[in-house]
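The figures that follow rest on heavy atoms only: side chains count, while hydrogens, waters and symmetry mates do not. All residue numbers in this chain count up from 1 along the given sequence.
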Amino acid sequence: MATETKHTFCRICEASCGLELTLEDGHITDIKPNAEHVGTEGFACMKGLNQHHMYASPDRLQTPLKRVGDDFVPISWKQANREIGAKVKKLKQRSPHTIGMYVGTAAGFSILHPIFANGFLKGIGSRNIYSSATQDCANRFASAQEMYGFPFLQPFPDLDKINYLLIAGTNPIVSKWTFLQVTHPAKRLKEITKRGGKVAVIDPRRTETAKLASEHVFIQPNADAFFFASFLDEVIKQGGVKDDIVAEHMTGFEAVRDLVTDWPATRTEAVTGISPETLKSMVADYLAADGAGIVTGTGLGMGRYGTTAHWLAECINAVTGNLDRDGGMLIGEGIFDFAAFSQKSGEFDRTVESRIGGFKQLNGGLPGAILADEILTPGDEQLRALFVTGGNPLLTMANSERLSDAFKELELLVVTDIYMNETASLAHYILPATSPLERADLPFVFPLFLGLQSKPYLSATDQVVPRTGQQRDEATIYTDLAKASGVGLFGSRVGQVILNRMTDLNSLLSRKAERSLPIKFILNQILIRAGQPGFKELVKTPDGIARPQAVGGTYLSKKVTTESGKIQLSTPMLLSEAAGMPLAFEQLKISATSFRLITKRHHFTHNSWTQNIRELTEGPARETNHAWLNPEDAKRLGIEEGDAVDIQSATGKIRLPTKFLSDLAPGVVAVPHGWGHQRAKGLSVASKIAGANVNILAADGPDDIEKISGMAHLTGIEVHVAKANAEISRDSWTGL
């Protein structure tokens, strides 16, 4: 038996942890953290250490599949491309906008996947590209676009020097941070308190992160915008605004000041549940610290007024002088100036609008929550074909039952994935993709292009295991689909011809019968043109190459990409969104008759991806799907632990067994996201695990999503909770 060791990095989340793999006869038998990695220093989570079980599953798609009646039959790539291409050509003649694409989270963790998928749709000439960002993070993009002129400009805390860190709506101990590579987040947070700093958390749950913090304050769901309005109002009252910095580097402060004046802590306590004394004390601690910062996450963004809340938090960091300073909030640098490129090319200008609702493209995409409307609403540009890549929208998007009905109306649904998940189960064609371990790659696009790393480094990975069947990498898939559809990637006929010939030549020279673009050549060109070591050199350095640490003073006077060259603390779009706060305030006034729904991260699973890993979902220590209630709420409702409860919103109803959690604020019910795989035809493990798809409770459509960002509201939903009048069954967990 031949045993060997290989190195790679994880592509499940932003952390991108360095990994050491043990292989026996070409099969991975063990994964452990790479202790020598310069960026991740021997840290990795349970999900990353068990990912090989997911990729080696007998459920893996091995060949293209075509729907024939209610069954799927294997077909060749040649047939799949020919038939899909013919349908695309026919629909494109009607209108290119009858064709759309949904790009899921998994696509973002391979550098070439989203580039080529986006290039395919641009070649078709359609505006209809949707992404998972409008489910969890588009509020950050909208705020950054307005304030900084670039959606990916995402300041992050200087964890090595910061002395006061306020965390809102994120749980980095479990989620491994948001929009930042952080090795061992628990260790890094403890280091802040060890040097005398403070970590404060506001959250409706006393999360794993909150338990390590210096202070945790409960806040009612959906009230973050009011908290940060009061926080900024108190910053002004306590003299914390650095007038000289604001005058030199920022515009629009007067409008922000006038806005927050209407929201003193004495008023907002009614919806936040946070006393004026507590808030004033937090502001005093923030202002007294030699270096402070506020970070927000998906829990805040997925609620109502997520953009307003994040924008106000960013304003606080900016006007107090904590933006672009050591010990405060830093701006990272990637291997080339992506922001400058964006400014020159107009790549992310918000000029394109959706047919339904008139939503402006953000980060090149439209709101996922109008997808069902685009499919179901008649018209010359009615969406009739959809390509889904690296995602599972029927489990992850709002009002997924309605979306399922819409997908059944499509003339063409093509899914590229490694499994036959819920969405693929409805497809006309399923295209099998390589796993992250079956292809060469560079790290996640955010750290590579934007420097969102607390310990900056550069690394590369080669393919570490062979493909098990006829899988192809997504860049090759979309290059071939563009050829079959008679279009050029990104609208370039010349570029398409070059890519076709590169693919043909590389496949001819390959010793294996695997059609593929010369991926390593393309990755090498990206590196070399950015003035970095080549791909081969990086692969030979499996521990990564350290890059310069981000420092303060590099952004404000030099790299702001707004027209004025200054940070725009307020803009018409931001102020228009915030104009709805008075109505929201009245709607949010605390009620004893309704609950607010929030999500809850699991240690052993990640979104909807990893429930098909038996090693993570079985055994007494593993987590399953429950409705979590505060014991006092349960007592008031006459519910015993383990009882089934019905959770009903204005959109739908689910049934789950209960567990009690005293760490929840009263009036809050927590249900983890990503469960309810019973309908998937190709998930043999996950489909047997009972669970409910919590997104059945969320509303979709143009009237129920945030205008500025296109965000659906997947948390903070008002729900009714009652003891179920029937026994729980595996099927009933899916939804009622």
Side-chain angles (χ1 to χ4, degrees), residues 1 3-13 15-35 40 42-62 105-106 109 173-176 184-186 208 390 392 395-396 417-422 432-438 461 464-469 471 600-626 659 672-678 680-691 730 733:
M1 182 177 293
T3 301
E4 59 182 326
T5 299
K6 292 186 178 182
H7 292 85
T8 187
F9 51 83
C10 186
R11 275 151 283 175
I12 290 178
C13 77
S16 302
C17 299
L19 302 174
E20 182 178 295
L21 283 58
T22 301
L23 292 85
E24 294 182 358
D25 293 335
H27 299 285
I28 300 172
T29 58
D30 186 48
I31 300 180
K32 62 183 180 181
N34 180 358
T40 59
F43 177 81
C45 76
M46 289 297 295
K47 297 177 277 282
L49 299 179
N50 283 278
Q51 63 185 282
H52 56 303
H53 299 299
M54 176 167 59
Y55 305 139
S57 167
D59 293 335
R60 276 290 303 278
L61 295 168
Q62 302 294 327
T105 302
F109 294 101
I173 299 300
V174 176
S175 66
K176 310 300 177 284
H184 208 323
E208 292 82 354
N392 186 10
L395 202 68
T396 63
D417 213 299
I418 67 171
Y419 284 136
M420 187 187 292
N421 55 31
E422 286 79 2
T434 53
S435 79
L437 303 181
E438 294 167 350
T461 182
V464 294
V465 293
R467 307 178 198 186
T468 58
Q471 299 93 346
K600 181 181 182 294
R601 288 276 188 177
H602 273 163
H603 277 289
F604 294 98
T605 60
H606 181 77
N607 296 342
S608 64
W609 296 6
T610 55
Q611 281 87 335
N612 209 50
I613 304 177
R614 192 180 306 277
E615 288 76 7
L616 292 179
T617 56
E618 293 185 354
R622 302 305 188 245
E623 294 156 310
T624 53
N625 200 199
H626 292 82
K659 279 193 174 183
H673 160 78
W675 294 80
H677 287 287
Q678 291 91 319
K681 294 183 178 180
L683 301 176
S684 61
V685 176
S687 63
K688 293 180 174 62
I689 304 172
R730 186 183 72 90
W733 286 27

- Message: Quick one, T461 with R11, criterion side-chain contact (heavy atoms from CB on, under 4.5 Å). Give me CA distance, side-chain angles, the key distance, then yes/no.
- Response: CA-CA 11 Å; T461 182; R11 275 151 283 175; 3.7 Å; yes
- Walk me through it: do L23 and T3 pass the test side-chain contact (heavy atoms from CB on, under 4.5 Å)? CA-CA 6 Å; L23 292 85; T3 301; over 6 Å; no
- Run the numbers on R60 and E438 for salt bridge (Lys or Arg N to Asp or Glu O under 4.0 Å), then give the verdict. CA-CA 13 Å; R60 276 290 303 278; E438 294 167 350; 3.1 Å; yes
- Message: Before you tell me yes or no, could you show the steps for T5 and L21 under side-chain contact (heavy atoms from CB on, under 4.5 Å), namely the whole-Å CA-CA distance, both residues' side-chain angles and the distance that decides it to 0.1 Å?
- Response: CA-CA 6 Å; T5 299; L21 283 58; over 6 Å; no
- Query: How far apart are the C-alpha atoms of K32 and E20, what are their side-chain angles, what is the distance that settles it, and do they pass the salt bridge (Lys or Arg N to Asp or Glu O under 4.0 Å) test?
  - Reply: CA-CA 5 Å; K32 62 183 180 181; E20 182 178 295; 3.5 Å; yes
- Query: Please walk me through it: do R601 and S175 pass side-chain contact (heavy atoms from CB on, under 4.5 Å)?
  - Reply: CA-CA 7 Å; R601 288 276 188 177; S175 66; 3.8 Å; yes
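For the residue pair T468 and Q62, a side-chain donor N or O sits within less than 3.5 Å of a side-chain acceptor on the partner. For the residue pair N392 and E422, a side-chain donor N or O sits within less than 3.5 Å of a side-chain acceptor on the partner.
Residues N421 and L395 are not in side-chain contact: their nearest non-hydrogen atoms beyond the backbone lie 4.5 Å or more apart. Counting heavy atoms from C-beta outward, T434 and R467 have side chains that approach closer than 4.5 Å. Counting only heavy atoms from C-beta outward, the side chains of S16 and F109 never approach each other to under 4.5 Å. You'll find the side chain of I31 stays beyond 4.5 Å of the side chain of N50, heavy atoms only. Counting heavy atoms from C-beta outward, F43 and P185 have side chains that approach closer than 4.5 Å. Residues T396 and H673 are in side-chain contact: their nearest non-hydrogen atoms beyond the backbone lie under 4.5 Å apart. Residues L49 and P33 are in side-chain contact: their nearest non-hydrogen atoms beyond the backbone lie under 4.5 Å apart. I418 places a side-chain heavy atom less than 4.5 Å from the side chain of Y55.
The CE atom of M420 sits 9.5 Å away from the CG atom of L683 when rounded to the nearest 0.5 Å. Between atom NE2 of residue H52 and atom CD1 of residue I613 there is a gap of 9.0 Å, rounded to the nearest 0.5 Å. Of the inter-residue distances, the one linking I12 atom CD1 with C45 atom SG reads 6.0 Å to the nearest 0.5 angstrom.
For the pair G18 and T40, the tightest heavy-atom approach, listed with the atom from each and the gap, is N-OG1, 2.9 Å. When every heavy atom of S687 is checked against every heavy atom of A680, the shortest pair comes out as CB-O, 3.9 Å. Smallest separation of non-hydrogen atoms from V465 and G26: CG1-O, 3.9 Å. The minimum heavy-atom distance between C10 and Q51, with the atom names listed, is SG-NE2, 3.3 Å.
At distances below 3.5 Å, at least one donor-acceptor pair connects side-chain atoms of K176 with backbone N or O atoms of V174. No side-chain donor-acceptor contact under 3.5 Å links N625 to the backbone of W675. Looking at Y419, its side chain does come within 3.5 Å of a backbone N or O of M54 through a donor-acceptor pair. Of the possible polar contacts, one joining the Q471 side chain to the L61 backbone as a donor-acceptor pair under 3.5 Å is found.
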